[in-house]
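Encoded as structure tokens, the structure appears first; notes follow it.
Basis for what follows: all heavy atoms, side chains included, without hydrogens, waters or symmetry-related copies. Convention: sequence-line order gives letters A, B, ...; per-chain numbering from 1. Note that this is a predicted model, so its numbers are computed, not measured.
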Protein chains: 2
Amino acid sequence: MTDIKTAANPLFLREEELRQGIEMLFFAYRDFTAEPDRILAEYDYGRAHHRVIYFVGRNPGLAVSELLEILQITKQSLSRVLGQLVREGFVQQKAGTQDRRRRHLHLTPRGYELERRLTETQAGRFARAYRAAGAEAVEGFRTVMLGLINERDRARFEGRGGERPGVRAPRGD
Amino acid sequence: MTDIKTAANPLFLREEELRQGIEMLFFAYRDFTAEPDRILAEYDYGRAHHRVIYFVGRNPGLAVSELLEILQITKQSLSRVLGQLVREGFVQQKAGTQDRRRRHLHLTPRGYELERRLTETQAGRFARAYRAAGAEAVEGFRTVMLGLINERDRARFEGRGGERPGVRAPRGD
DNA sequence: TTTTTATGTCAGTCATGTTGACTTAATTCG
DNA sequence: CGAATTAAGTCAACATGACTGACATAAAAA
């Protein structure tokens, strides 16, 4: 109650709290990526491949430019991993019908299989954490996470089960 | 209320919810690291340097082996960035008094200065997110984050302002 | 018809991770 | 005490995934 630190120096607690947030994000991300990394190594793939497979699986028909927007990397960086995934039969490209310059990305059955394996481990981690924490904590978690994400991308998370907004091209394939 | 998806297919909502968690973590981490990356570039440093500076600043006297434990990388990977930071006067090493094999790491004044700059941007992001979300949401956030982190490292986050457990060597310098 | 856009490619570079082998100094164990 | 273990560091070779810059092609838009 009258803890000397919180009473005399309220900023001390604040800084401690914020640092714990910083560290939690570091450790959570570190552990969150460790299992998929091991699976990917079987295929001689890395985290970059995972991100492509995940977001293409999540947004079938995604255009290359939209994927670049999500990943925030250059097209030269993307092209290596995307090229591999296409050549090795995990991702398929289809030219757009409206705009034939655009290449819409889809997972092949093989791609879906890998996507499932990878997502299962991460979804399992979330399922355990959510279950242990309870619905109210999950709501708080979502609120804070949204606040940590740059405003531009928050709209991706409107609604919980319904329509799935954002990301998709307005007039896509 | 009687939404067809939640009523007829409860697992659909669950999967959607878990995927949103996965994506939030991806976007939060992406945005969380972007600003420090720009500051580090001024010094010709990268994320690896940031991690060393952060954890040494947070745990003065940390031993090399403990840092490796936190970062989960090999000592060869660490040695490159740590060597640079020591040579360029951001980090100082002191041999232990009890066990003279151990090198205890400390930030120099210069190191602290950079640490402050880097941490301020990330702490500011957390401060804004926490403030907007409210105390209850923050509690939920912490609970879920803890559940996402491998059990081994959860002890680091016991207590909010007080003693700061974990990490430090039992009989350190 | 000209310009812009979407995509792809080539070439070179850098940061950061890996494995494996080996050294040195100090502590601990039998 | 002597042998084994531990903490740290080093050298070499390599892989991944970022980057910049320059250029090419096809299709759409102005």
In this structure, how many angstroms lie between the [atom2] atom of [N] and the [atom1] atom of [X], rounded?
X	N	atom1	atom2	answer
B:Y45	D:dC19	OH	C1'	20 Å
B:L71	C:dA15	CG	P	18 Å
B:L40	C:dC14	CG	C1'	15 Å
B:I73	D:dT16	CD1	P	19 Å
B:R38	D:dC19	CZ	P	13 Å
B:D44	C:dC14	CG	C1'	10 Å
A:Q72	D:dG17	CD	C1'	16 Å
B:R47	D:dT16	CZ	C1'	14 Å

Quick one: are A:L105 and A:L82 in side-chain contact, heavy atoms under 4.5 Å? yes
Less than 4.5 Å apart, side chain to side chain, heavy atoms only: is that true for A:P60 and A:L107? no
Below the 4.0 Å mark, does D:dT16 have OP1 or OP2 next to a side-chain nitrogen or oxygen of A:H49? no
Measuring to OP1 and OP2 of C:dT18, would you say a side-chain N or O of B:T74 lies under 4.0 angstrom away? yes
Let me know which of B:L114, B:L40, B:T119, B:V81 forms a side chain to side chain contact (heavy atoms under 4.5 Å, CB included) with B:I53. B:L114
Heavy atoms under 4.0 Å is the rule here; annotate nucleotides 2-15 of chain D 5' to 3' with B where the base is hit, S where only the sugar-phosphate is, and - elsewhere. ----BSBBBB----
Over 60° means perpendicular and under 30° means parallel, so tell me whether A:Y45 and A:F90 are parallel, tilted or perpendicular. perpendicular
For A:R131, is the CZ atom crowded, meaning more than 12 foreign heavy atoms sit under 6.0 Å from it? no
The test is ring pair (Phe, Tyr, Trp, His ring centres under 6.0 Å); show your working for A:Y29 and B:F32 and say whether it passes. CA-CA 11 Å; A:Y29 197 78; B:F32 171 74; 9.6 Å; no
